[in-house]
Amino acid sequence: MTSYDEDNAFENAVSLSQRAAAARAQPDRYLDDLNSAQREAVETLNGPLLILAGAGTGKTKALMARIAHLQKTGRASANQILAVTFTNKAAREMKSRLEKTPFNQREPVRWMGTFHAICARLLRENAELVGLKDSFTILDTDDQLRLLKQLIVAENIDEKRWPPRMLLGLIDSWKNRALKPAKVPASEASEFDHRGSELYDYYQRRLIELNAVDFGDLLLHMVTIFQEHPFVLLRYQNRFRYILVDEYQDTNVAQYLWLRLLAQGHKNICCVGDDDQSIYGWRGAEVGNILRFETDFPGAKVVRLEQNYRSTPHILAAASGVIDANKGRLGKTLWTAEEQGEKVRLIGHWDGDEEARWVGEEIESMSAGTRGLRPMSLDEMAILVRASHQMRTFEDRFLTIGLPYRVIGGPRFYERMEIRDAMAYFRLAVSPDDDLAFERIVNTPKRGLGDKAQQKIQLAARDNGVSLVDGARILLQDKGLGGKGGAELRVLVDGIARWHDAVRDPDGDHIALAEALLDESGYTAMWQDAKDPDAPGRLENLKELVKALEGFENLQGFLEHVALIMDNESEAEGAKVSIMTLHAAKGLEFPAVFLPGWEDGLFPSQRSMDESGLKGLEEERRLAYVGITRAEEVCTISFAANRRVYGQWQSALPSRFIDELPEAHVEVLTPPGLYGGGYGAAGMAASASPQIMASQQSDLHDKASRADVYNSPGWRRMQARSQSRPMSQPREQRNMVVDAEAISAFAEGDRVFHQKFGYGTVTAFEGDKIDVAFDKAGSKKLLGRFLVEAAQAGDVPF
């Protein structure tokens, strides 16, 4: 008996009329707890329906109530409902909640799951139509890369210039758009050494030979079957009387086509989504799918869920103020019945380290209830960053002060692959006898030193009772290894000796050494040349690692610090602060949320704007909206006046999104204290965006300016320069090489203060390095970021 016959047998056993009668005998408790908009969404059963659900408006409750209503009113059986989610976790949670009060669903929806899970079931029923057997294998990423590597080698393509991961990314993007090899646009077909679509075709044919598919094929094959076999499409159109889709704004083209084909039968498709939360364009999501819903499905009804059950009015107003700047929105106005609560807090800091110190102190104060707020558990607080490399500063600070934390959506900073590799190089520079470090990096990047070559090194070291580095040196002296591997090994061994000598130089610059070490080893170039989509993020993490060295006198001190804090980190149970990216935070909520790094170029991301222009800027703005609406009670936005960019300190402009915050709902934090020093001071807040300064200066920014917290010479120069740069649209990528005027916040003769050396006078400067004649400590050369103007430290001009 086929699956379709089983459906008919099921329907014959229990008629819909019997179900309707049973439903009338039971109270509809699941309707009682719905507001008017939610109830309208639940009871609108016929025809296409778009539930435009703002953040925190109870969309999941409405979606589940609709599923229960379809069954309890006898409109559909559990087998006639198709419910599509984006994650397996969401599907499991929905199934679990539907079984409980008030839904009391006795028969689980049999076709509830992710796009891929449902399509895998459908494809097994129709595998022969695309040349597969129903026992086909679904390949993971490693399997795909291995297969693509085989094809690249077989076609004599240079793997270094055109790595398998790059080809995989291309193929995945084409499958997301439901493009088969013959349909790839000519402008894209020439990608990958002018053979992109050709290799794509080879790959697809090889998959068929292996009776295998990848995740993209699950959708692509089903779209193909529906398009080329109308009778199959008709069967499933008849089977699924009602289709429900969650997170519709995140669908890609292939998912959209699949849904649209299925929905042409009964036309009872209900999509739940929020165009303001479409933040996954970089992985194929098309916000246009939800924007044109009414065009795609004539006669569609739109129900807006606007009552928010999560956040305070101030938080909702701040989020609305930001997102209103986007064009082409479907539009909605979030509101809440709750009381006013806390305004969104805005604070500026001298640099990222000061920002992390302040956040750590604020978290501890909030957990103790000393900020005029209720005491909050660490589990109730989260830090949401735009880029993963921002996490390092917070992790370092929290590990140092013993504040428990968890990283959601990825490894902790010092556990990331590229950081472990770089640290292994640092360890070898400090101690060439570190065999574990040598084993990790001996063939990273690739040096032609495979397992056999490494075994020879191990044997030479063991026979002579020496370290692996010395064993490699002996092996080379005895001419035991030749060819490319031998030449590359000699370069590495000589480099380790040179770096070790530099470490022992008392006058050496350990930061410059770290940068040179990563360059000379080829490790930085490896990621610069990689076509891996993760490569830019890994390079940012490496730059952040080098930046972390600034707080230490030498490499050895830094390595000891990292070893100790990581050793002290306990995985014991207990409350922990959550740290994650804004993308990873979607769907989550916390009573208190910190949003650091709101500076132009960092957020909105310069890379996103350069690559996608206005479209990229609008997605960045939606990301800001998502971040703000994760907060239930307290939302704190912060920015820094200075960030280290490509090894040099650079003044940073507050994010243009700050200018879009409605001032009536924002509190600027300007507590007293030593500016930028971090000596118990909470910091300062100011925003001096050019468009505000030009013609739209608000009381919010005026108030911040009057706080006299951004009054250093460097900040004033930055303000003057910024007036010539328009901010309303994405700009050309800025030249990252900045002059001494742009870096130095001081001039010769300025009186300054340093926490350790006390008061002094600036005698000279070169870039961000400043010569200071201290009153008691003598002459020192140090970074300007460790200095503040003496007047702000209480010094009286002499």
Side-chain angles (χ1 to χ4, degrees), residues 279 282 322 346-356 358-359 383-397 410 413 536-548 579-585 593-613 616-628 636-661 683 685-690 710 715 718 721-722 725 727-736 738 742-743 785:
I279 59 174
W282 48 276
V322 171
L346 174 64
I347 183 167
H349 300 281
W350 173 248
D351 62 15
D353 291 338
E354 171 64 23
E355 183 179 54
W358 184 86
V359 169
I383 300 170
L384 313 182
V385 298
R386 175 59 184 88
S388 61
H389 67 82
Q390 292 175 259
M391 295 181 186
R392 196 277 308 169
T393 308
F394 293 98
E395 290 189 58
D396 264 5
R397 182 61 184 166
F413 182 82
R538 296 189 191 279
L539 285 168
E540 291 294 339
N541 289 337
L542 291 174
K543 292 168 190 168
E544 189 66 24
L545 176 67
V546 173
K547 177 179 178 294
I579 307 177
M580 69 195 82
T581 64
L582 285 161
H583 284 99
V593 167
F594 293 86
L595 300 171
W598 277 44
E599 298 128 38
D600 248 37
L602 180 57
F603 190 44
S605 161
Q606 189 64 45
R607 187 191 310 157
S608 179
M609 293 189 294
D610 288 342
E611 292 176 356
S612 304
L617 174 61
E618 293 207 337
E619 181 156 317
E620 291 289 297
R621 188 175 281 114
R622 292 194 291 269
L623 199 54
Y625 172 85
V626 166
I628 296 172
T636 305
I637 296 171
S638 61
F639 60 94
N642 301 279
R643 293 278 179 187
R644 191 172 178 85
V645 181
Y646 297 109
Q648 297 191 29
W649 282 96
Q650 191 176 45
S651 297
L653 288 171
S655 170
R656 64 193 70 191
F657 299 152
I658 289 177
D659 301 330
E660 296 163 358
L661 295 169
S687 182
S689 172
Y710 267 92
W715 177 252
M718 187 195 73
R721 290 197 313 277
S722 67
R725 177 169 64 79
M727 294 272 291
S728 58
Q729 300 297 332
R731 59 192 181 279
E732 294 297 323
Q733 187 166 10
R734 291 175 297 200
N735 184 355
M736 305 312 288
V738 292
I743 300 170
R785 63 185 289 261

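FYI, side chains are in, hydrogens and waters are out, and symmetry mates aren't considered; it's all heavy atoms of this structure.
Every side-chain hydrogen bond (donor to acceptor under 3.5 Å, both in side chains) that Glu355 has, sequence neighbours left out, goes to Ser638, Arg643. The side-chain contact (heavy atoms from CB on, under 4.5 Å) check on Ala548 picks up Arg392, Asp396, Tyr414, Phe558, with sequence neighbours excluded. Residues passing the salt bridge (Lys or Arg N to Asp or Glu O under 4.0 Å) test with Glu619 are Arg622, sequence neighbours excluded. Under the rule for a ring-ring contact (aromatic ring centres under 6.0 Å, His included), the partners of His583 that lie at least two apart in sequence or sit in another chain are Tyr280, Trp282. In this structure Phe603 satisfies the ring-ring contact (aromatic ring centres under 6.0 Å, His included) test together with Trp598, Phe657, sequence neighbours excluded. Residues forming a side-chain hydrogen bond (donor to acceptor under 3.5 Å, both in side chains) with Thr393 (at least two apart in sequence, or on another chain): Glu544.
Residues Arg386 and Thr581 form no side-chain contact, since every pair of their non-hydrogen atoms from C-beta on lies 4.5 Å or further apart.
Annotation for Val385 and Pro596: closest pair CG1-CG, 3.9 Å, computed over non-hydrogen atoms. Pairing each heavy atom of Ala640 with each of Gly352, the nearest pair is CB-N, 3.9 Å. Shortest non-hydrogen contact noted between Gly597 and Gln390 is CA-NE2, 3.7 Å. Taking every heavy atom of both residues into account, Gly627 and Leu582 meet most closely at CA-CD2, 3.5 Å. Closest non-hydrogen pair, Val322 versus Ala624, comes out as CG1-CB, 4.1 Å.
Taken from CZ in Phe394 to CG in Asp353, the straight-line distance is 10.0 Å, to the nearest 0.5 Å. Going from atom CD1 of Ile658 over to atom CD1 of Ile637 covers 6.5 Å, rounded to the nearest 0.5 Å. Here the CZ-CG distance, from Arg607 to Leu602, works out to 11.0 Å after rounding to the nearest 0.5 Å. In this structure, Glu599 CD and Gln606 CD are separated by 13.0 Å, a value rounded to the nearest 0.5 Å. Taking CD of Glu620 as the reference point, atom CE of Met609 lies at 7.5 Å (rounded to 0.5 Å). How far CZ of Phe413 is from CG of Leu545: 5.5 Å, rounded to the nearest 0.5 Å.
For the pair Asp600 (side chain) and Arg656 (backbone), a donor-acceptor distance under 3.5 Å is present.
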